[in-house]
**Q** 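Provided herewith is a single structure, encoded as C-alpha cells, for subsequent inquiry.
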Amino acid sequence: MKPIIAITMGDAAGIGPEIIVKALSHPNVYEICQPIVIGDIESLKRAAAVSGLGDLTIRSIAEIKDALFEQGSIDCIDLQLLPEAVPFGQLSAAAGNAAFHYIAKAVELAKAGEVRAICTAPLNKEALHKGGHLYPGHTEILAKLTETEDFSMMLSTDRLKVIHLTTHVGLIKAVELITPERTYKVLKLADQVLRTAGNANPRIALCGINPHAGEGGLFGNGEEEEKLVPAVEKAQAEGMNVFGPAPADTLFYRAMRGDFDIVVACYHDQGHTPVKVLGIEAGVNITVGLKGGIIRTSVDHGTAFDIAGKGIADERSMLEAIRSAVELAPK
C-alpha cells in the first residue's frame, strides 16, 4: 500500500503553498504515495490561482479517513489558524504561529501511526518567533515535540546521501564537538534509517577530519585516531558495515559511483558542498533519529519572500522531498 505522507504548508506568506500545489499537480506523486496537506485551504487556493492551476480541486477534510488521494484533487486538513489572507512576502506573526501548529499536527498524526512520514515546506524563523515559538527551526521543533535528544541532519539526492556529525557551528568548535560517542551515535543513526527503509546491509563511509584523513599523523593532531576510529571499531563489532575514516575527497566520488549507500561528514561544509554541487533543486534536508522512527524530509531552500505570489517558485526540491519521504518511510 502506498504510504500516507503528511505535507506541512510552512509559512503562508512564502512559497510553501505554491510549491505544494505545483508538486501535487504532478501525476507521478500519486503513483508513489498518498499525500495529505496540513495547512490553510484558502492559501492553497490562492497559490493554485497564481500558479495557473485553478482547475485543481482543493478539499477541506477533518480527518485522514476523509481523504480521496486522487490526482487533480488536493486533500487538506485545514487548521483554520489564518483568519484572513496573509500578504505574500511579508512577515506575519499569524503565519509563523500557524506554521508551528501545522508541524505539531503532523507529529501528532505520525505518533498515532496515521502517516508514515512528514514532508515540510519552509517556515520563516523570524515569523515563527513573532508567533511566539522561539525555536531555531524545524529540526528543533520536531526534536522537542518527539522528546528526542540524539538526532542528525541528513542531506539526500538521487545520487548521494550524507549525514553529519556536526552542522551549524564554526570549524574549530565542530572539531571540538566530535567525540567517539557522537561519532558512534551518528553511525548507528545512518545504519538504522537505511535498514528501516529496507536496506538490509547499509554501506556506510566515514570521512576523515583532516586532509587525507590525517595520513598516519602527517596532518592534524591525531583527531581521526582519537575521535573517529574507536567509534568505527565499536560499530563494526556490532555488525555495521562501516568503512573509514578515509579522505573525504575520494569518498564522495566513490559514493556517487555507487560504492557506498551513505557518507558520514564531520562538519557542515564537508557534507553540504558535494550535495549543493549536484544542484540546489535536487537536495533534500532530512531529520533522522526522531523518537518513534518518524522521518521528516524538507525542501533545501527557504521561504523566498521575494518571489512569493509570483507563480514562479520551483517545485523540484519539494518533489524530491516527497520522493525521499517515500523512500525512507518505515517499511
Side-chain angles (χ1 to χ4, degrees), residues 2-12 14-39 43-58 67-76 99 102-103 106 110 115-123 138 153-162 193 197 256 272 274-288 295-304 307-329:
K2 290 179 283 190
I4 299 175
I5 306 296
I7 303 173
T8 59
M9 196 180 75
D11 193 302
I15 62 172
E18 293 171 66
I19 60 175
I20 287 173
V21 297
K22 285 184 174 184
L24 296 186
S25 71
H26 288 249
N28 62 327
V29 170
Y30 288 81
E31 293 171 3
I32 63 172
C33 72
Q34 299 182 102
I36 186 86
V37 180
I38 302 173
S43 295
L44 294 175
K45 287 180 177 178
R46 183 175 61 160
V50 300
S51 301
L53 296 169
D55 56 341
L56 277 176
T57 299
I58 301 174
L68 295 179
F69 301 122
E70 292 179 347
Q71 173 65 32
S73 174
I74 297 175
D75 299 300
C76 174
Y102 301 152
I103 301 164
V115 301
R116 295 262 292 281
I118 299 169
C119 179
T120 60
L123 52 73
H138 272 113
M153 174 190 292
M154 180 170 128
L155 301 180
S156 176
T157 73
D158 59 351
R159 297 178 60 194
L160 179 65
K161 287 182 175 60
V162 182
V193 71
M256 285 188 281
H272 278 59
V275 173
K276 296 296 175 74
V277 166
L278 293 174
I280 295 292
E281 73 285 347
V284 177
N285 187 322
I286 303 167
T287 305
V288 298
I295 288 292
R296 170 258 178 170
T297 69
S298 176
V299 294
D300 198 24
H301 58 71
T303 48
I307 64 169
K310 298 179 180 178
I312 60 174
D314 190 327
E315 74 274 23
R316 283 179 291 177
S317 187
M318 174 56 75
L319 286 168
E320 284 300 310
I322 294 170
R323 181 193 62 77
S324 292
V326 174
E327 176 189 359
L328 296 172

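Numbers here are sequence positions counted from 1.
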**Q** Should Thr287 and His138 count as side-chain neighbours, where that means a heavy-atom distance under 4.5 Å?
**A**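 A side-chain contact is absent here, since even the closest heavy-atom pair is not under 4.5 Å.
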**Q** Quick check for you: to the nearest 0.5 Å, what is the distance between Ile74 atom CD1 and Ile36 atom CD1?
**A**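 It comes to 10.5 Å.
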**Q** Going by heavy atoms in the side chains, are Val275 and Lys161 under 4.5 Å from each other?
**A**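 No, too far: nothing below the 4.5 Å cut-off.
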**Q** Using side-chain heavy atoms (C-beta onward) and a distance below 4.5 Å, is Asp300 in contact with Lys276?
**A**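 A side-chain contact exists here, since the closest heavy-atom pair is under 4.5 Å.
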**Q** Nearest 0.5 Å, please: how far is CD1 in Ile7 from CG in Asp75?
**A**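 So the gap between those two atoms works out to 10.5 Å.
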**Q** If you look at every heavy atom in Asp158 and Arg323, which pair is closest and at what distance?
**A**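 In terms of heavy atoms, the two residues are closest at N-NH2, 3.7 Å.
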**Q** Backbone N or O of Ala313 within a donor-acceptor pair of the Lys22 side chain at under 3.5 Å?
**A**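 Yes, the answer is positive, given that a donor and an acceptor are paired below the 3.5 Å cut-off.
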**Q** Look up atom OG1 in Thr157 and atom CG in Leu278, then write down how far apart they are to the nearest 0.5 Å.
**A**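 Rounded to the nearest 0.5 Å, the OG1-CG separation comes out at 5.0 Å.
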**Q** Would you confirm whether Asn285, through its side chain, and Ser298, through its main-chain N or O, come within 3.5 Å as a donor-acceptor pair?
**A**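 Side chain of Asn285 to backbone of Ser298, a donor-acceptor pair under 3.5 Å: no, none is there.
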**Q** Minimum heavy-atom separation for His301 and Ile19, please, with both atom names.
**A**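 Of all heavy-atom pairs spanning His301 and Ile19, the closest is CE1-CD1, 3.8 Å.
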**Q** Taking the side chain as every heavy atom from C-beta outward, state whether Met318 and Ile20 have any atom pair closer than 4.5 Å.
**A**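 Side-chain contact under 4.5 Å: yes.
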**Q** Side chains of Thr57 and Leu68: does their closest heavy-atom pair fall under 4.5 Å?
**A**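 A side-chain contact is absent here, since even the closest heavy-atom pair is not under 4.5 Å.
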**Q** Is there a side-chain contact between Ile5 and Thr297 (heavy atoms, below 4.5 Å)?
**A**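 No - every pair of side-chain heavy atoms lies 4.5 Å or more apart.
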**Q** With a 4.5 Å cut-off on side-chain heavy atoms, are Ile307 and Glu18 touching?
**A**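 Glu18 does not reach Ile307 side chain to side chain.
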**Q** Any non-hydrogen side-chain atom of Ile286 less than 4.5 Å from a side-chain atom of Val193?
**A**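 No, side chains not in contact.
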**Q** Only one of Leu123, Thr120, Thr8 clears side chain to side chain contact (heavy atoms under 4.5 Å, CB included) with Tyr102; which?
**A**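 In the set Leu123, Thr120, Thr8, the residue that makes a side chain to side chain contact (heavy atoms under 4.5 Å, CB included) with Tyr102 is Thr8.
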**Q** Out of curiosity, Asn28 CG to Leu319 CG, how far, rounded to the nearest 0.5 Å?
**A**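 Rounded to the nearest 0.5 Å, the CG-CG separation comes to 6.5 Å.
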**Q** Grab the two heavy atoms, one from Ala321 and one from Cys119, that are nearest each other, plus how far apart they are.
**A**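 Smallest heavy-atom distance, with atoms named: CB-SG, 3.6 Å.
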**Q** To the closest 0.5 Å, what do you measure between CG (Leu160) and CE (Met256)?
**A**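 Taking CG in Leu160 and CE in Met256, the distance rounds to 5.5 Å.
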**Q** Sequence neighbours excluded, which residues qualify as side-chain hydrogen bond (donor to acceptor under 3.5 Å, both in side chains) partners of Gln34?
**A**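 Gln34 satisfies side-chain hydrogen bond (donor to acceptor under 3.5 Å, both in side chains) with no other residue.
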**Q** Please name the pair of heavy atoms, one in Ala121 and one in Met9, separated by the smallest distance, quoted to 0.1 Å.
**A**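 In this case the closest contact between Ala121 and Met9 is CB-O, 3.3 Å.
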**Q** Would you name the heavy atoms of Leu53 and Val21 that are closest together and state the gap between them?
**A**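 Scanning both residues, the minimum pair turns out to be CD1-O, 3.8 Å.
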**Q** For Ile15 and Ala308, work out which heavy atoms get closest and say how close.
**A**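 Ile15 and Ala308 have their closest heavy atoms at CG2-CA, 3.8 Å.
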**Q** Distance from Leu56 atom CG to Leu24 atom CG, nearest 0.5 Å?
**A**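 Atom-to-atom, Leu56:CG and Leu24:CG are 8.5 Å apart.
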